[in-house]
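This report concerns only the one structure given below.
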Amino acid sequence: MIVVDRLTKSFGDVQAIRGVSFSAPDGKITGLLGPNGAGKSTTLRALYTVLKPDSGTATIDGIDVVENELEARRHIGALPHGAGLYPHLTARENIAYYGRLYGLSGEALDHRVDDIVSRLGIGDFVDRRTKGFSQGQRTKVALARSLVNEPQNIILDEPTNGLDVMATRSLRELVRQLKTAGKCVLFSSHVMQEVAALCDDIVIISAGQVAIHDSADGIREKTGCDDLEDAFVRAISMVKE
Amino acid sequence: MFRLIRTVFAKEVLDHFRDRRALMSALIMGPLFGPILFTVVINLSVSRALDDEAKPLELPVIGAEFAPNLMRYLESENIVIQAPPESRAAAIDAIKRGELDAVLVISNDYGDQIAAGTPARIEVIADKSDEQAYRQARRAADALGAYSQEVAVMRLIARGVNTSIMRPLNVDLIDVSTPSGRSAMLLGMLSYFFIFAMLMGGMSLAIDATAGERERGSLEPLLSLPVSRDQLILGKITAACLFMLLSLFLSLSAFSVALNFLPLERLGMTPNFGPSVVVTAFFVMAPFVLLGASLMTLVASFTKSFKEAQTWLSIVLLAPTMPILIVSLLNVRTATNLMFVPSLSQHLLLVDLLKNEPVVPLHVAISVCSTLTIGVIVAWLCARLYRREGLLG
């Protein structure tokens, strides 16, 4: 469960987010949707604690991300935008390294790594060095790495960027599995169709503020647009008015 | 706390050992560059200097027929008289073009002048800017000077004068340097090669901690793990330290071997660089690794990319030479207060070791403590900078 309350963050004179509030419950996929530069990544970075918000609060399973950042990180698996692997290590070593940094070791670690490898279906290339992996393979390994501690909350920043159709489909399938397992998944994208196809709840964010927070049908209703793309554009313009 | 640092350390070491290119520059290029360069340069210059002494000097002489006695004297001094160019002007041209090293010109009234006891004019023509040629010319001039001295003595004896009045002073320069001491002047420049090897050994790891991780996109996920940034940076700095120590050891060993191939004994030098000195030098130089690794990590953390970091770090490679250079120019001797300066204190202690002079334990203690303290301070600064948000770029 992720709760964000009136979060703000500025970089110099630029206000990246100005009072973002929403919540993402367990067992649901929440989509964070917005145009480029709307503040999606800044919000997510504050949630996985690499940025400190200027004001407002955010909690992960009730743990404050500012006051108790190390403990909050234990409850998150984060896949930042464009996450990279260590090219000289094998996929398995990449995953195990994160497992160790999460505090796992010995048989428990091996077991977790084997488990995540079979669940993500990456067994074919898990013992190869990651240098030269395709974008799809890299994304899967990066996802496996952040899921190795079986976190309750999963934050994915534009994970489908640069993936082909097949890789995108299999990633969506994985995200649905996480939802079925009762996890809280927070997923950002700038593609309306993708969010609509996958997410239970959609948070449309524009110019650093939440424009609308509802289901896909709710958004159609509130904006009065049947077409999702029109609804998206309408929602964004609502902020500016 | 320590388990996580160890995890980061182990991963960095494994990662680095697998990166062939980085490993090449860290453990082969860095440590071997110095010894190889040194061996080649010293071997060339030493063997050339020794060859010049032994080889007869071939000297074209214009007007040799006017001074038969002088020619005989020169031949006894291992100088071979050769047929000259047809004129003085032709000789000067040939020397300017570098075809001849030196030419002797004897004027046709040489015989009359010698007989009259007036100074006889002899020219040695040479190009002073050509060092090799000028050395030959000096050999000829020295031989002429000796001949001149001999003739002067004979003239005085013929006039019944005691020849010792020609020497009001009897100057004797007494050289007290030991053979090891003489080699130390030459080997003093070695300390920089070792510092260079150390820095090369840890360079790519130091860059990787910030600019490298960022460029690869692996920094952000790493920072979202339940590990403090202090632990991450400490694991990375210690991994860099390990490679720097390896590189230092390889470099010292390579030198120890390379010195066997140098004809230093023929120059009257016996370098004191056996296995025991290698081990002692290793421990004297080792404290520098923490400072070196932290300094490189610190500089790299301000850069945007691996390439940019490499550019800046090549300046860091030169920084430790500054104190060594200044002290060499001022010809300062080992003193207690200099032991507080990192890189300089290692240099001075190493020179003492090579000279086979006793190393003062207090000096070693100050050098180790001061270098380590400054290293810890810079490492702490790195950790502070690693907490910045700007780190993400």
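A, B, ... follow the sequence lines: proteins, then strands. Residue 1 opens every chain.
For the set B:Leu222, B:Leu14, B:Leu4, the entry with the most heavy-atom pairs within less than 4.5 Å of chain A is B:Leu222. Contact count versus chain A (heavy atoms, under 4.5 Å) is highest, among B:Arg216, B:Glu215, B:Lys11, for B:Lys11. With chain A as partner, the option from B:Gly217, B:Pro221, B:Gly212 having the largest number of non-hydrogen pairs under 4.5 angstrom is B:Pro221. Considering only heavy-atom pairs separated by less than 4.5 Å from chain B, the leading option among A:His81, A:Glu71, A:Arg129 is A:Arg129. Ranked by heavy-atom pairs under 4.5 Å with chain B, the first of A:Glu69, A:Lys131, A:Arg100 is A:Arg100.
The number of heavy atoms from other shown groups lying within 6.0 Å of CZ (B:Arg387) is above 12. Within a 6.0 Å sphere centred on CZ of B:Arg384, other residues, nucleotides and ligands contribute 12 heavy atoms or fewer. B:Tyr386 OH: more than 12 foreign heavy atoms inside a 6.0 Å radius.
For a heavy-atom cut-off of 4.5 Å, chain A lies close to B:Leu225, B:Pro226, B:Val227, B:Ser228, B:Arg229 in residues 225-235 of chain B. Of residues 307-318 of chain B, no residue lies under 4.5 Å from chain A by any heavy-atom pair. By a heavy-atom distance cut of under 4.5 Å, B:Arg18, B:Asp19 are the residues of residues 18-25 of chain B near chain A, going up by number.
Neither the backbone nor the side chain of B:Leu219 comes within contact range of chain A; no heavy atoms are under 4.5 Å apart. The parts of A:Leu89 that come within reach of chain B are both its backbone and its side chain, each placing non-hydrogen atoms under 4.5 angstrom from that chain.
One side chain, A:Tyr86 or B:Glu213, offers a donor N or O that lies under 3.5 Å from an acceptor on the other.
Rounding to the nearest 0.5 Å gives a distance of 6.5 Å between OH of A:Tyr98 and OG of B:Ser224. Rounding to the nearest 0.5 Å places CG of A:Leu79 at 10.0 Å from CD of B:Glu220.
Here A:Lys140 pairs with nothing under the salt bridge (Lys or Arg N to Asp or Glu O under 4.0 Å) rule; sequence neighbours left out.
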Between A:Leu101 and B:Val8, does a side chain to side chain contact (heavy atoms under 4.5 Å, CB included) hold up when you go through it step by step?
-> CA-CA 8 Å; A:Leu101 292 178; B:Val8 177; 3.9 Å; yes

Stepwise salt bridge (Lys or Arg N to Asp or Glu O under 4.0 Å) test for A:Arg45 and B:Glu389 | CA-CA 11 Å; A:Arg45 280 174 159 187; B:Glu389 283 182 352; over 6 Å; no

